[in-house]
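Each chain gets a letter, A, B and so on, in the order its sequence line appears, and its residues count up from 1.
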Amino acid sequence: MPVCVMGEGAGPDGQGTASLTVIPISHISTSSNHAHHSVKGTVVLKGRLVSSPSHNFILKAVLQDDTDSNTSPQDGSINVVLLGTLAKDFSQAVNQGDVVVASGFGVGKSPTALKDKLHPCNLLLSGERAFVHVCQAPPADRTSQQDVKRKRPLLPAEVPKYTYTKLDNLKPGEVVNVYGVVVFFKQPFKSRGSDFCSSLKITDQSQQKISCTIFCGKLESHPQIFQIGNIIRMHRVKVHLYNDTLTLLNTFGFSALTFDGAVGAGVEPRTASKSFHFTEEDRRAVEELRLWAASQVLLPADATLTLSAVQPKMYFDLTCQLLAKATVDTTCTLLRVWDGTRCPHALLKLTVEPNIVEGPTFSEEREKLIASVLVYDNHVQFAQQIKPGDFLRIYNLRAIPGLVKMPGLSSSQSEVNHLSFHLHGGTAYGRGIRLLPGDSPDVQELRRVMEAFQGYDEVSHPDLNDSVLWPPLSPERGASVACSTERTCDHLVEPLTLSKVKRSVPGGVHHVRVQLRSYEPRRLHQALKLYCSKCTSMQDVPDDEHLDSIFSKAAADCGPLQPCSPPTWTLSGKVYIPRELSRRPPVRTLNVHMSAQLLSEGRIKELIFLTGSTLQEACHLAAGYHNVVPMRSSGGHLALLDPPAPFLFRGRKRFYRCKQCSETSVREPTTDGVIDEKNIGEALGVQLLKFVLLMKFQLQDASDTLDVFLWRDAESFFNVSAVDAAAYQEAQDSIRQTLDSLCPPGDSSGRRPWLDVCLTEYRPTEEDTQTFYQICHTSTFKPSCTRTPPS
DNA sequence: GCTTAGGGTTTG
């Protein structure tokens with residue numbers, strides 16, 4: 001067999017490689033004679049074994065030279081093509097991450113070098129002389145870690161270049177790849193044939209609206225559309241003409257990725273597929289579609305409402321958690337759900353025989369919060385598959401006032417104007433139920449809302465029935481994920497015990513193997529700080545209560561009696577504040593000033609200067625406008641709000657300025673590129689404050705304990721950026737999960753993992769006699785979990 | 001291997 005597997009540490013066995021010289025991959029060229037050379041490298045990509053008529057089998061791989069740090073990444077990684085039996089053996093014996101030595105290869109010009117930016121040559125391994133030696137297979141637990149580490153720099157040789165057809169350029173009969181914004185969709189439903197059917201309609205910058213039908217027997221292969229406005233990418237759909245209208249139908253090799261549609265949200269593809277191509281260009285395509293969609297007024301509005309906002313007779317989509325359910329009859333199932341809010345209308349409680357209810361009972365107070373949803377006909381089957389604790393989205397739910405008559409059941413409340421909810425039969429209007437994955441942003445948000453609900457964990461009325469089940473069933477909560485750390489530095493020092501670290505000469509770098517005994521602060525938001533890189537000051541992130549008061553003071557200065565002249569480069573207008581946000585019904589409007597230049601370019605959503613708003617209103621408008629700068633009136637002119645108020649809202653992100661280092665003035669930002677915190681800050685004379693994470697860890701080993709700080713490298717430690725942690729629940733949850741794994745709450749040291757950590761010693765100033773320690777060059781990894789938070 | 005559905009003026 002031409003592929004030889006050797007365990008780690010085994011020496012060369014003379015099977016053809018011992019007499020060869022190992023050369024760096026960068027030395028490979030078509031003009032050299034490599035008959036007596038071999039190359040050693042890590043298999044960073046292993047393609048699939050493909051049967052080929054001419055060679056029986058063919059397999060492509062990419063080999064990366066880990067020893068030669070002097071070369072560019074282009075020259076350090078090379079495409080390898082294996083043919084025949086060797087390809088088959090390689091496919092079985094070699095895994096991604098293995099280190100192999102290849103010899104007896106031919107060298108050719110790589111046809112993909114321009115595209116994949118790898119070595120200009122490729123290695124051809126076929127015939128009797130070709131030989132592959134596996135000399136180091138990583139232990140199983142290291143494989144995923146290596147995969148994670150190598151994911152980014154890896155540029156697979158065989159990533160096909162996909163082209164995407166705009167929706168006004170479809171020709172009947174063509175098989176195309178498309179991107180679009182979802183304007184209508186139905187959850188997959190069972191067709192009369194053999195498959196599930198998804199029906200959706202998409203649009204793009206060409207304004208064309210195209211219906212698509214996806215037939216697929218496997219539910220998980222259907223596009224995971226959660227909301228109108230989601231972005232979808234589909235590969236291999238065929239253009240059909242039906243009733244004089246172009247439609248798209250999936251065809252062989254179909255695949256779909258879907259994305260959140262919100263500007264500024266993470267670009268995380270939703271798919272069940274384990275291997276899919278996703279490039280920087282794809283990320284751009286998603287972000288461009290999001291921006292475009294945000295500027296379109298004609299796209300349908302998302303029908304999502306909370307129980308607190310729903311009115312009788314409305315149709316709406318509800319994101320909620322299933323608390324209990326009961327089968328009413330063959331055509332009707334009762335779902336008892338909650339979404340973390342209180343419905344202002346009394347909710348109908350349908351009394352059902354206790355023995356047919358699946359799920360707990362709740363105290364009277366809590367019963368008042370729970371909505372009764374009756375699902376009919378085709379939806380009953382899906383309802384049978386879900387269980388209490390599941391997170392759901394129910395589409396086209398109807399709020400029904402009054403008494404509901406249910407076959408075989410009596411209602412304890414016969415008064416009218418109690419709301420219940422119906423999911424009618426059929427799939428019209430996208431009616432249906434969808435199970436939401438526990439890690440989806442919607443569920444994270446739902447949990448946050450539930451946990452923030454007043455009285456959620458109130459202990460003054462402990463109730464036997466639900467004390468264990470409220471907080472409602474959250475299977476993932478507190479579930480610990482195996483987690484450890486690895487050093488990313490190249491210091492050549494031997495690990496020391498903590499007691500030796502303490503006794504060593506100050507000023508050094510140490511490697512230690514420790515457990516995390518405790519950490520501060522326990523409340524994550526207190527670990528977030530704002531740092532000025534100019535004056536190196538650090539301050540807390542202001543709380544909303546503080547900001548509320550700054551906003552209301554500024555709003556008072558912007559009243560009708562204080563005329564204020566905006567800069568000459570702006571045009572002024574008004575924005576309407578939705579009724580539910582308005583403190584003074586019926587309708588509240590705010591003055592805004594926009595760049596005349598941007599308006600003339602039709603970039604109406606990009607930047608507004610907002611006066612007189614509350615904090616809440618500024619946040620609300622930041623969901624619709626890309627950049628919202630809150631302003632006040634000062635001496636008849638516009639001015640920025642005083643610190644610590646944020647000077648800019650971008651989506652959920654807030655940007656702050658340093659009071660000492662900013663010399664503000666209201667100038668127009670450059671409008672030729674993307675408008676963001678950098679050029680807005682520059683135009684306004686703002687010294688941006690950077691979000692940082694600051695924590696104190698107490699480390700322990702058998703010898704001693706040691707207090708250390710985590711600051712400079714905190715973001716790479718958690719693999720989360722501080723600005724994301726400030727804005728996104730998901731990023732905060734990721735940090736929380738890491739800490740919970742490193743230091744399980746309420747647990748003895750038994751379950752705490754041992755961590756490899758790099759420590760640097762420092763003294764804040766020359767005069768300081770005390771030595772501090774900081775964790776550097778250390779990252780956490782979760783072998784069982786490779787998800788990354790939004791960037 | 002072929003078929004399925006082809007949104008929609010909702011209603012228990």
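Among the protein residues, A:N243 comes within range of no part of the nucleic acid, since none of its heavy atoms lies under 4.0 Å from any strand. A:Y315 comes within contact range of at least one nucleobase, with a heavy-atom separation under 4.0 Å.
Each of A:D302, A:D317, A:D442 was evaluated against A:R393; a single residue qualifies, A:D442, per the salt bridge (charged side-chain N to carboxylate O under 4.0 Å, His left out) test.
Ring centroids of A:F215 and A:F254 are separated by 6.0 Å or more, keeping the two rings apart.
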With sugar-phosphate taken as primed atoms, P, OP1 and OP2 and all else as base, the protein-contact string of nucleotides 2-8 of chain B at under 4.0 Å (heavy atoms; B, S, -) is -BBBBBB
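As rounded to whole Å, 15 Å separates atom P of B:dG12 from atom CG of A:L350. Nucleotide B:dG12 holds its P atom 8 Å from the NE2 atom of A:H422, rounded to whole Å. Taking atom CG of residue A:L397 and atom P of nucleotide B:dG12, one finds them 14 Å apart after rounding to whole Å.
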Quick one: do A:L248 and A:L170 satisfy side-chain contact (heavy atoms from CB on, under 4.5 Å)? Show the steps, please.
-> CA-CA 9 Å; A:L248 295 173; A:L170 303 172; 4.1 Å; yes
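Between A:H222 and A:F196, the two ring planes are perpendicular [angle over 60°; tilted spans 30° to 60°].
The salt bridge (Lys or Arg N to Asp or Glu O under 4.0 Å) test applied to A:K368 returns A:E365, not counting sequence neighbours.
For residues 247-265 of chain A, the pairs satisfying side chain to side chain donor-acceptor pair (under 3.5 Å) are A:T258-A:R270, with sequence neighbours left out.
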